[in-house]
Structure formats: C-alpha cells, structure tokens
Amino acid sequence: MDSPLDALRAARDHARRRLAEVEVQLAQLRDARGAESADDEHDPEGGTLSAEWSRIEGVRVGVLAEMAGIDAAFDRVAAGTFGICETCGEVIPEGRLEVRPTATRCVRCAERRQ
C-alpha cells in the first residue's frame, strides 16, 4: 500500500478537481438562470433550473464534507492516531484504509454503528 499520506493526498487532489468541476457547473447554471425568465417551473422540456441548482449544490456540499474528512485524516496522521479506531482503540485494517483512507473506525465498530 502507498503510505497513508500518499492515499490522502490523492483523495484530496481528486476532491479538489471534483469541486472545481462543480463550481464551473454552478457558474454555468447561474448564467443560465440570469438569461432565462424567472418562471422555469413550467418548462415542458424537463427539470427546472431550480431543481438542477439544488442537485449540483448537494454535490458541492458532499465534496466539501469529503474534503473536511480528508483534512481530519491529515490531522490524525500528524497526531499519530491515524489508523486507530476512534471507538475501540484497535488498529484499523490496512485493507480498509486502502479503500477508505478517511476511515475513523474499524470494520467491526463501523458495522455496529449502522
């Protein structure tokens, strides 16, 4: 496995790229909303601009939450607690950290929480 820092850096870079893409989509939608009439609720062509705005904003909020999780994982690396389950204190399996480098709980504790 790459080092935890490498996996976290890759995840952060990916999230930053996704956030940039979402910001472009929001800017385009903002422009479209300004160019369209205020009444897009009766558009027979499909979904409304408001619905699309809501969907894209939801994606943006999700990416920001993902980035916060990545930052918290970097903080755990710095504190020496990365890879330690916050619930039981056991080591989080390497395979879990490969798949989810921001994991804060081991598989057993994560399953209990569901």
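F82 and L5 fall within a single hydrophobic cluster, where Ile, Leu, Val, Met, Phe, Trp and Tyr are joined by side-chain heavy atoms under 4.5 Å apart, directly or via other members. Residues I84 and F74 do not share a hydrophobic cluster, clusters being chains of Ile/Leu/Val/Met/Phe/Trp/Tyr side chains in contact below 4.5 Å. Follow the hydrophobic side-chain contacts under 4.5 Å out from L26 and you never reach V61; the two are in separate clusters. No path of Ile, Leu, Val, Met, Phe, Trp and Tyr side chains, each step under 4.5 Å between heavy atoms, connects V91 with L8, placing them in separate hydrophobic clusters.
Separation of atoms OG1 (T102) and CZ (R76) is listed at 7.0 Å; rounding is to 0.5 Å. Distance CZ/R12 to CG/L19: 13.5 Å, rounded to 0.5 Å. Separation of atoms OG (S50) and CG (L29) is listed at 8.5 Å; rounding is to 0.5 Å. Distance CZ/R16 to CZ/R18: 13.5 Å, rounded to 0.5 Å.
Shortest non-hydrogen contact noted between A73 and P101 is CB-O, 4.1 Å. Taking each heavy atom of R96 and C106 in turn, the nearest pair found is NE-C, 4.0 Å.
With sequence neighbours left out, the side-chain contact (heavy atoms from CB on, under 4.5 Å) criterion links E86 to T104, R105. Residues meeting the salt bridge (charged side-chain N to carboxylate O under 4.0 Å, His left out) test with R55, sequence neighbours left out: E52. Under the side-chain contact (heavy atoms from CB on, under 4.5 Å) criterion, A11 pairs with I70, sequence neighbours left out.
Salt-bridge formation is not detected for the pair R108/E90: no Lys NZ or Arg NE/NH1/NH2 atom is positioned less than 4.0 Å from an Asp or Glu carboxylate oxygen.
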